[in-house]
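Data first, discussion second: the structure below is written as structure tokens.
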Amino acid sequence: MSGGGAGRSAAARARLAARLLVVLGCVLTPEAQLTGVLDDCLCDIESIDDFNTFKIFPKIQKLQERDYFRYYKSKIPVGIKAGSANKYSKAANNSKELEDCEQANKLGAVNSTLSNQSKEAFIDWARYDDSQDHFCELDDERSPDAQYVDLLLNPERYTGYKGPSAWRVWNSIYEENCFKPRSVYRPLNPLAPSRGGDDGESFYTWLEGLCLEKRVFYKLISGLHASINLHLCANYLLEETWGKPRWGPNVKEFTRRFDPAETKGEGPRRLKNLYFLYLIELRALSKVAPYFERAVVDLYTGNGHEDAESKALLLDIFRDTKSFHMHFDEKSMFAGDKKGAKSLKEEFRLHFKNISRIMDCVGCDKCRLWGKLQTQGLGTALKILFSEKEIQSLPENSPSKGFQLTRQEIVALINAFGRLSTSIKELQNFKVLLQQTR
């Protein structure tokens, strides 16, 4: 399964390069379709690019390699293999599609290899975590079916999992959780009925008529979808020779997913929503800093020296997030009457729980792992933004009251933001790659 075969002619490569530079121009130059300023916030894309490249990306990469952040608890396997009781798994478990997915299953299998030393450490971690006061849902992380997975051994990349199964999962997420009536069809949705000459503008007319909170929710899901697609394009199976796969950026796949012509103008909108999502999670990191700055909070692995270094690096990243001058202003959200705001917050929380359940039914283990992690990371970011007063009033030297993050939420928060940081960096890499090709 070759994504960018070596035999492609020079002329074909040049045409692809020219087209993709148009796509990237929409992101990286203010003159093109995707202009510098993002909707619903006062921030320009160029400032985000520079900030991410020179400040955030190198540090977040180092942090993700540390023991506290490299292990994530997940149910492997789960969802789709559990039978037909779940409506999502039934839709995604078509027998013919499964027959066609042998290679996808092989590439998508999770490497659950762990050293005996790591397994012993996890017992100690669980003992430590159980001794802390918890004032939030622990979700399924205590399930007997859940086990730690080493994220460094399971990078997010193209596995061959695609087609109707993947579309059904995302279709369920959009249709059930984006406050959208079924009469309004999402552009370029292959599962939606034909609308004749409708170019998707009716969807955006509907979207602009929503309140800010619901409009933001859609953009967050779209941004997450775009980010995941970018990871797959940037870490694609280019060829497999003698059982040794070669991974790398796939220009053709990126063009298919983001080119304005091939996506009827949707590509730049998707990338814009990626930047919007980055700003939301960046804002959450700056807001949660006081929680971690307290001496009572540590990043426990049992190695005191490493734990201190991990916390120092995390606090350094928080200082950088605070230095960014064009944050999204979340005060404009949920600013109405208290009863209505509380109801809408609860609706957000329930939608995220539902999205997580849908992610459980992704047929590829590795795709499900990263989908769940990034969904939980975004949910944790919103939890932080909704809890500013509770965070500001936390006691310095006693257990948290009113707000607390579990190990699982912290790991998901940092790794999810790390994936967004990587996505934005990959856009810069595609630009350089194509300039060299020309």
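Sequence positions, counted from 1, serve as the residue numbers for this chain. We use all heavy atoms of the structure for the numbers below, so side chains are in, but hydrogens, waters and symmetry mates are not.
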For the CG atom of Asn177 and the NZ atom of Lys353, what is their distance to the nearest 0.5 Å? 12.5 Å
Do Asn52 and Tyr278 have side-chain N/O donor and acceptor atoms under 3.5 Å apart? yes
Are the aromatic ring centres of Tyr185 and Tyr174 under 6.0 angstrom apart? no
side-chain contact (heavy atoms from CB on, under 4.5 Å) filter on Asn415, not counting sequence neighbours, yields Gln64, Phe69, Leu151, Leu373, Val411
Any donor-acceptor N/O pair, Thr321 side chain to Phe318 backbone, under 3.5 Å: yes
Could you pull out the closest heavy-atom pair between Leu313 and Arg66, with the gap in Å? CD2-CD, 4.4 Å
Donor-acceptor under 3.5 Å (Ser421 side chain, Phe417 main chain): no
Polar side chain donor-acceptor pair, Lys372 to Ser356, under 3.5 angstrom: yes
Steps toward side chain to side chain contact (heavy atoms under 4.5 Å, CB included) verdict (Glu213, Phe348): CA-CA 9 Å; Glu213 293 85 353; Phe348 266 46; 4.1 Å; yes
Donor-acceptor contact present, side-chain Glu409 to main-chain Thr406, <3.5 Å: yes
How about NZ on Lys342, more than 12 heavy atoms from neighbouring residues, nucleotides or ligands closer than 6.0 Å, or not? no
Given side chain to side chain contact (heavy atoms under 4.5 Å, CB included), test Leu224 with Leu220 step by step and report yes or no. CA-CA 6 Å; Leu224 177 60; Leu220 297 180; over 6 Å; no
Calculate, to the nearest 0.5 Å, the distance between atoms CZ and NZ belonging to Arg186 and Lys180 respectively. 7.5 Å
Beyond-backbone contact of Phe217 with Glu347, side-chain heavy atoms, under 4.5 angstrom: no
Considering all heavy atoms, the nearest Pro155-Trp370 contact: C-NE1, 3.7 Å
Any heavy-atom pair between the side chains of Leu285 and Leu413 that's under 4.5 Å? yes
Please evaluate residues Asp365 and Arg368 with respect to the criterion salt bridge (charged side-chain N to carboxylate O under 4.0 Å, His left out), reporting the C-alpha separation (whole Å), side-chain torsions for both, the decisive distance (0.1 Å), and the verdict. CA-CA 5 Å; Asp365 288 344; Arg368 178 171 62 248; 2.5 Å; yes
Side chains of Asp49 and Tyr275: any donor to acceptor distance under 3.5 Å? yes
Angle between ring planes, Trp167 versus His225, binned at 30° and 60°: parallel, tilted or perpendicular? perpendicular
Please tell me if the side chains of Val288 and Leu405 come closer than 4.5 Å, counting only heavy atoms from C-beta onward. yes
Going by the angle between their ring planes, with limits at 30° and 60°, are His351 and Phe179 parallel, tilted or perpendicular? perpendicular
Should Glu253 and Leu232 count as side-chain neighbours, where that means a heavy-atom distance under 4.5 Å? no
Where is the tightest heavy-atom contact between Ala226 and Leu274, given as atom of each residue plus distance? CB-CB, 4.4 Å
Please determine if Glu239 and Arg246 form a salt bridge, counting it only when a charged side-chain N lies under 4.0 Å from a carboxylate O. yes
Ile414/Tyr68 under side chain to side chain contact (heavy atoms under 4.5 Å, CB included): CA gap, chis, key distance, verdict: CA-CA 11 Å; Ile414 295 302; Tyr68 187 95; over 6 Å; no
Looking at Gly223, is its backbone amide N or carbonyl O close enough to the side chain of Ser227 to form a donor-acceptor pair, meaning the two atoms are under 3.5 Å apart? no
How far apart are the C-alpha atoms of Phe292 and Ile410, what are their side-chain angles, what is the distance that settles it, and do they pass the side chain to side chain contact (heavy atoms under 4.5 Å, CB included) test? CA-CA 10 Å; Phe292 289 95; Ile410 295 168; 3.8 Å; yes
Can you tell me if Lys311 uses its side chain to pair, donor with acceptor, with the backbone of Val297 under 3.5 Å? yes
Arg319 bridged to Asp316 by N-O distance under 4.0 Å: yes
Which atom names give the shortest non-hydrogen contact between Leu63 and Ser310, and what distance separates them? CD1-O, 3.7 Å
For Glu281 against Ala416, the heavy-atom pair lying closest together: OE1-C, 3.8 Å
Nearest atoms (heavy-atom pairs only) where Lys287 meets Ile391: O-CG2, 3.7 Å
Does NZ or CZ of Arg269 fall inside the cone over Tyr204's six-membered ring, less than 6.0 Å from its centre and within 45° of the axis? yes
Any Lys/Arg nitrogen of Arg70 or Glu65 sitting under 4.0 Å from an Asp/Glu carboxylate oxygen of the other? no
Just wondering, do Leu277 and Lys219 contact through their side chains at under 4.5 Å, heavy atoms? no
Atom NZ of Lys62 with >12 non-hydrogen neighbours under 6.0 angstrom: no
Interatomic distance, Lys425 atom NZ to Ile56 atom CD1 [nearest 0.5 angstrom]: 14.0 Å
Assess whether salt bridge (charged side-chain N to carboxylate O under 4.0 Å, His left out) is satisfied between Lys366 and Glu156, documenting all intermediate values. CA-CA 7 Å; Lys366 199 171 291 183; Glu156 185 181 23; over 6 Å; no
Are any non-hydrogen side-chain atoms of Leu299 and Glu306 less than 4.5 angstrom apart? no
Check whether the ring centres of Tyr218 and Phe203 lie less than 6.0 Å apart, and answer yes or no. yes
Counting N and O atoms only, with roles assigned by atom type, does the side chain of Ser343 sit under 3.5 Å from a partner on the main chain of Lys339, one being a donor and the other an acceptor? no
Any side-chain heavy-atom pair of Leu271 and Ile45 under 4.5 Å: no
Are the side chains of Asn235 and Tyr158 in touch, meaning some heavy atoms are under 4.5 Å apart? no
